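Every number for a ligand or one of its atoms is a count from 1 in the order of the listing. Note that the coordinates shown come from a computational prediction; the quantities given were computed from them, not determined experimentally.
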Amino acid sequence: MSYKAKFKVWRGEGGEGRLEDFTVEVNEGEVVLDIIHRLQATQAPDLAVRWNCKAGKCGSCSMEINGKPRLGCMTRMSTFDEDETITVTPMRTFPVIKDLVTDVSYNYQKAREIPSFTPPAGVRPGEYRMKQVDVERSQEFRKCIECFMCNNVCHVIRDHEENKTNFSGPRFLMRIAELDMHPYDVADRQEAAQEEHGLGYCNITKCCTEVCPEHIKITDNALIPMKERVVDRKYDPLVWLGDKIFRR
Ligand code: FES
């Protein structure tokens with residue numbers, strides 16, 4: 001069954017913009033991204049939107065739908081009432097390039113600041129032996145599709161542009177935690193997490209976990225364990241003494 005839905009879509013570029021009203025056809029089984037595509041095809045050919053897989057796997061189509069960060073391709077129209085006005089805006093934490101497309105280069109910059117997996121000297125690929133429990137633990141974090149909705153919703157940077165320099169956001173603190181849990185990684189992730197990537201800014205409100213489309217328990221399984229490891233090290237008297245002696 002088709003019906004006409006009311007949409008308000010953010011249009012603009014260069015820091016200027018406004019919500020534009022549309023009335024558009026909706027068919028059974030469609031998702032919000034289908035409606036954005038119909039708007040492009042019928043009423044707004046220059047409406048900019050980023051997408052790729054339309055299967056919830058590439059992380060490109062992140063947007064805010066009725067104020068909540070969501071993937072456009074995984075948000076079914078059937079979740080809304082037919083007479084509801086649906087508001088679609090770009091992710092708020094990143095600068096708008098045009099319409100629904102934001103500049104997410106902050107995230108790639110933060111990704112580049114994290115040293116890659118660092119195995120011990122002398123152990124070659126093929127010689128790593130891991131317990132299944134360690135494999136499974138990091139498997140959860142590797143489901144991340146880098147939609148950046150966790151970073152988008154994190155209040156540390158959502159309303160505080162000035163924190164972006166010192167805070168890498170849940171996506172990349174999770175990446176550091178994943179590497180720190182890896183039995184073969186020898187890089188010092190704990191000090192870097194605290195000093196360079198702003199782990200201390202996170203006050204575990206779990207906003208990131210709530211919006212993750214892969215249902216990764218970012219706060220409980222990555223950020224809190226990472227905070228515990230950093231605290232253990234900071235307040236362990238033997239570690240403290242070792243740091244004092246060997247850093248002279
Ligand atoms: Fe790939 Fe939506 S288009 S996740």
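A salt bridge is absent between Glu140 and Lys217; no separation between the charged side-chain nitrogens and carboxylate oxygens falls under 4.0 Å. Note on Arg175 versus Glu146: no salt bridge recorded, every NZ/NE/NH1/NH2 to OD/OE distance being 4.0 Å or above. With salt bridges taken as basic N to acidic carboxylate O contacts below 4.0 Å, one links Arg189 and Asp185.
Within the structure, ring-ring contact (aromatic ring centres under 6.0 Å, His included) pairs that include any residue of residues 13-47 comprise His37-Trp51 (at least two apart or interchain).
A cation-pi arrangement is present between Lys164 and Tyr106, with the terminal nitrogen or guanidinium carbon under 6.0 Å from the aromatic centre and inside a 45° cone about the axis.
For the pairing with Val153, the side chain to side chain contact (heavy atoms under 4.5 Å, CB included) check across Pro69, Pro170, Cys212 returns one residue only, Pro69.
Here the protein contributes Cys61 SG, Cys73 SG as N, O or S atoms under 2.8 Å from atom 2 (Fe) of ligand 1.
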